[in-house]
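All remarks here apply to the structure that follows.
Since the model is a prediction, treat every value here as computed from it, not as a measurement. Hydrogens, waters and symmetry mates play no part in the numbers below; they use all other heavy atoms, side chains included.
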Amino acid sequence: MIKKIFFKRPSLFLNAGFIVCFVILLKLICHTLGWEVLSVNPLLSGIIAANVFLMGFLLSGVMADYKESERLPGEIASGIESLVDEAVIVYHSKSKQLGQGFLDALLIFTQSTEGWFYKKKRTPELMRDLRAMQRFFIDLEEVTQANFIARLKQEQSNLRRILIRIRTIRDTSFIPSGYLIATTTTMLLMIGLILVKMEPFYESLFFVGVIAFLLSFLMLLIRDLDNPFGHYETSSTEDISLTPLQDVTDRIKQLQTQLETGTDTAQ
């Protein structure tokens, strides 16, 4: 966790630090040139409080989608695991060829899903790999009961629904007008902090730096949380873990090896 926060480049911490350094540099320049034309006003604290309140509103909004997103990769993995179990049943009790082919299709779909999160796969290609399972459903109709096929189609439908929901979360920004007013207010507030005259000067540098860091870090964090599936973005640090999908991929590969070598046991 510490490595992810402090050593991933560029991280939220570093970006906020760059903004603070820039603000403090401008503050030093304005102080040296005598451009500090504003005086400390009680309204300044009110503006800061209003801006933090607005950011809290945005943060609570994006957190709702983030909490929902945390369970979606696990649900995808669970659905694939169920289909893998069905494929093993088909392999042992119906047709080895169909079971093996079904496992191959599931592996392709799982790997495509991982690639899709990193935008190495387009959504139409991923949906095509999901629909590719249908040909096995047709072949299975000749060797199994209808309710077995219905169960497989239900899992396929659930996977499609989850993927569409993930795409919606990834491509939709939370209240763009809210971001606009929050960003504008933050910039104006920082300009005010740069132009305000506070004594002693070195204490003012400290407080201006702290306020600038808080506001800039909050703004960057909210934008990062707004897309929990930003694995394709080098600057994104708060991404949902894809470990469940990676575990499913490993299990399918292990199963394929066991079936090929005849060492498979009850999974």
Side-chain angles (χ1 to χ4, degrees), residues 1-70 169-230 233-240:
M1 179 62 69
I2 294 178
K3 181 179 179 180
K4 183 177 182 180
I5 293 175
F6 292 101
F7 294 96
K8 187 172 182 178
R9 300 292 192 271
S11 67
L12 293 177
F13 186 85
L14 287 176
N15 286 336
F18 291 148
I19 294 174
V20 172
C21 291
F22 182 69
V23 170
I24 290 179
L25 177 62
L26 291 179
K27 180 70 175 175
L28 286 169
I29 294 174
C30 289
H31 179 74
T32 303
L33 298 178
W35 289 353
E36 294 175 319
V37 296
L38 301 180
S39 60
V40 177
N41 192 298
L43 292 177
L44 180 62
S45 59
I47 296 175
I48 295 174
N51 194 37
V52 172
F53 173 80
L54 178 59
M55 288 191 178
F57 166 73
L58 293 175
L59 183 60
S60 64
V62 299
M63 279 302 297
D65 282 347
Y66 190 87
K67 294 302 292 184
E68 178 189 358
S69 301
E70 283 183 325
I169 293 174
R170 187 168 68 177
D171 297 342
T172 304
S173 180
F174 178 75
I175 312 182
S177 299
Y179 282 121
L180 177 62
I181 186 63
T183 303
T184 303
T185 305
T186 301
M187 291 179 61
L188 291 175
L189 182 56
M190 288 187 181
I191 292 174
L193 291 172
I194 292 171
L195 297 179
V196 72
K197 185 175 182 179
M198 292 182 285
E199 296 295 342
F201 174 68
Y202 294 104
E203 287 186 11
S204 71
L205 282 182
F206 172 78
F207 290 115
V208 168
V210 171
I211 295 173
F213 179 81
L214 171 64
L215 297 180
S216 58
F217 190 90
L218 271 177
M219 196 72 248
L220 293 170
L221 176 63
I222 292 169
R223 288 188 176 277
D224 196 6
L225 291 175
D226 195 18
N227 182 13
F229 302 104
E233 299 174 344
T234 56
S235 60
S236 183
T237 58
E238 304 298 331
D239 296 326
I240 301 300

Checklist entry - Does a side chain donor of either D226 or Y179 reach within less than 3.5 Å of an acceptor in the other side chain? => result yes

Item to check | Taking every non-hydrogen atom, the tightest pair across V196 and V40 | outcome: CG2-N, 3.7 Å

About how many Å separate [atom2] of [Y] and [atom1] of [X], when rounded to the nearest 0.5 Å?
X: L189; Y: L215; atom1: CG; atom2: CG; value: 5.5 Å
X: T183; Y: M55; atom1: OG1; atom2: CE; value: 7.0 Å
X: K197; Y: W35; atom1: NZ; atom2: CH2; value: 16.0 Å
X: I194; Y: C30; atom1: CD1; atom2: SG; value: 6.0 Å

Checklist entry - Does atom CZ of F22 have more than 12 heavy-atom neighbours, drawn from other residues, nucleotides or ligands, at distances under 6.0 Å? => result no

Checklist entry - Going by the angle between their ring planes, with limits at 30° and 60°, are F13 and F213 parallel, tilted or perpendicular? => result perpendicular

May I ask you to decide if [Y]'s main-chain N or O and [X]'s side chain share a donor-acceptor pair within less than 3.5 Å?
X: K27; Y: S204; result: no
X: T172; Y: I169; result: no
X: S45; Y: P42; result: yes

Next on the checklist: Pair T237, D224 - check side chain to side chain donor-acceptor pair (under 3.5 Å), show working.
Outcome noted: CA-CA 7 Å; T237 58; D224 196 6; 3.0 Å; yes

